Amino acid sequence: MTTPERTEPSTTAGERDMLEGWLEYHRETLEMKCAGLGDEQLRQLSVPPSEISLLGLVRHMAEVERSWFRKILAGESVEWIYSSEDKDGDFHVSEQDTYAEAYATWQAEIVRARELAAAHGLDDVAQSKHPRTGEVFNLRWIMTHMIEEYARHNGHADLIRERIDGATGE
């Protein structure tokens, strides 16, 4: 398996291109953190009692993409992928769970998120309110939040990857 390429965000882009650039950068970063590892390594937990693994992070980000772009932005009535019965099911990986499945699911959610984002302006208000708080969001907020979500979890991924095989870096 080759290491995925990562595109550096523009330093002079307009607002929309900047947001899209940073979101793609962080998506690619998580993919890089998983590159070259087998399923067993990707299932390794970070540090007890944490249940976070690289495979769990990929599954979690598939759920996050689905939630913010499909459920909130577009108002689609879609079920959770991994977390319907267990709210932390995305992180609860088993020996049967594979990176190939999680990666394909995550990438499909990213494709759909890109389509939905492309159909909206940054000021467009999402079709659905947040299910717990009732707040409304525009696409600008959703994209900024997604960058924050990936950046936080990429920090986790960096530490997990270093624990697994010593690999460090951006």
Side-chain angles (χ1 to χ4, degrees), residues 1 4 6 19-20 22-117 126-135 137 139 141-165 167 170:
M1 176 183 259
R6 184 172 59 174
L19 290 169
E20 289 174 350
W22 277 106
L23 183 51
E24 290 303 322
Y25 177 85
H26 282 294
R27 287 169 171 157
E28 293 166 1
T29 299
L30 182 55
E31 184 176 355
M32 286 176 60
K33 293 298 171 186
C34 297
L37 298 175
D39 285 341
E40 186 175 322
Q41 291 170 305
L42 290 162
R43 286 191 290 262
Q44 285 183 20
L45 300 182
S46 57
V47 179
S50 175
E51 297 181 294
I52 296 176
S53 66
L54 288 171
L55 182 58
L57 286 173
V58 170
R59 289 163 43 118
H60 176 67
M61 292 314 299
E63 293 278 37
V64 172
E65 294 272 1
R66 175 176 275 229
S67 176
W68 283 105
F69 288 100
R70 295 180 71 180
K71 290 183 174 214
I72 303 291
L73 181 64
E76 292 181 8
S77 180
V78 293
E79 298 298 320
W80 293 110
I81 306 163
Y82 304 107
S83 305
S84 54
E85 294 176 21
D86 173 0
K87 76 176 188 72
D88 291 323
D90 44 358
F91 288 115
H92 297 155
V93 298
S94 72
E95 293 295 317
Q96 291 74 40
D97 295 314
T98 67
Y99 182 67
E101 182 280 324
Y103 180 81
T105 300
W106 177 44
Q107 292 305 301
E109 291 302 325
I110 289 172
V111 166
R112 184 67 179 132
R114 286 181 188 131
E115 293 169 353
L116 292 169
Q127 297 296 309
S128 295
K129 295 178 181 180
H130 192 280
R132 286 190 318 271
T133 67
E135 293 174 288
F137 305 93
L139 178 59
W141 189 96
I142 292 170
M143 292 182 78
T144 303
H145 175 69
M146 290 298 296
I147 293 165
E148 177 273 329
E149 183 86 9
Y150 271 103
R152 179 167 27 98
H153 288 311
N154 283 338
H156 299 136
D158 193 44
L159 293 171
I160 296 168
R161 180 64 189 249
E162 184 177 7
R163 182 178 180 275
I164 291 169
D165 68 358
E170 291 188 30

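Note that the structure is predicted; figures quoted are calculated from it, not measured.
Between Ala35 and Arg161, the shortest heavy-atom distance links the atoms O-NH1, 2.8 Å. The nearest pair of heavy atoms linking Ala126 to Ile142 is CB-CD1, 4.3 Å. Taking every heavy atom of both residues into account, Leu116 and Ala74 meet most closely at CD2-CB, 3.7 Å. Among all heavy-atom pairs drawn from Cys34 and Tyr99, the shortest one is CB-OH, 3.6 Å. Considering all non-hydrogen atoms of both residues, Leu55 and Ala102 come closest at CD1-CB, 3.6 Å.
Only one option out of Asp88, Asp97, Thr105 pairs with Tyr82 in a side-chain contact (heavy atoms from CB on, under 4.5 Å); it is Thr105. Considering Lys71, Arg112, Arg66 in turn, Arg112 is the only one that fulfils the side chain to side chain donor-acceptor pair (under 3.5 Å) rule with Glu76.
Using a 30° and 60° split on the angle between ring planes, Trp141 and His145 fall in the parallel class, below 30°. Between Trp106 and Tyr103, the ring-plane angle classifies as perpendicular under the 30° and 60° cut-offs. Ring geometry for Trp68 against His130 counts as tilted: the plane angle lies between 30° and 60°, on a 0 to 90° scale.
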Check the pair Glu20 / Arg114 against salt bridge (charged side-chain N to carboxylate O under 4.0 Å, His left out), numbers first and verdict last. CA-CA 9 Å; Glu20 289 174 350; Arg114 286 181 188 131; over 6 Å; no

Could you walk me through whether Glu31 and Arg27 pass the salt bridge (charged side-chain N to carboxylate O under 4.0 Å, His left out) check? CA-CA 7 Å; Glu31 184 176 355; Arg27 287 169 171 157; over 6 Å; no

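Of the inter-residue distances, the one linking Arg6 atom CZ with Thr29 atom OG1 reads 4.0 Å to the nearest 0.5 angstrom. With values rounded to the nearest 0.5 angstrom, Met143 atom CE is found 6.5 Å from Ile147 atom CD1. To the nearest 0.5 Å, atoms CD1 (Ile160) and CD (Glu162) are separated by 11.5 Å. Residue Thr144 holds its OG1 atom at 5.0 Å from CG of Leu19, rounded to the nearest 0.5 Å. Atom CG of Asn154 and atom OH of Tyr25 lie 9.0 Å apart (nearest 0.5 Å). Distance check, rounded to the nearest 0.5 Å: OG1 of Thr98 to CZ of Arg43 gives 8.0 Å.
Side-chain contact between Glu149 and His60 is present, with at least one heavy-atom pair separated by less than 4.5 Å. Looking at heavy atoms from C-beta onward, Phe91 lies out of side-chain contact with Ser83 at the 4.5 angstrom threshold. Considering only heavy atoms from C-beta on, Arg70 comes within 4.5 Å of Glu109 through its side chain. No side-chain heavy atom of Gln41 sits less than 4.5 Å from a side-chain heavy atom of Leu54. Side-chain contact check for Asp158 versus Lys33: some heavy-atom pair is nearer than 4.5 Å. Between Leu42 and Val58, every side-chain heavy-atom pair lies at or beyond the 4.5 Å cut-off. Here the side chains of Leu57 and Ile52 are in contact, with some heavy-atom distance below 4.5 Å.
A donor atom on one side chain and an acceptor atom on the other are not found under 3.5 Å apart for Tyr150 and Glu28. No hydrogens or angles considered: nothing links the side chains of Arg163 and Ser46 as a donor-acceptor pair under 3.5 Å.
Proximity of a side-chain donor or acceptor of Glu63 to a complementary backbone N or O of Trp80 within less than 3.5 Å is not detected.
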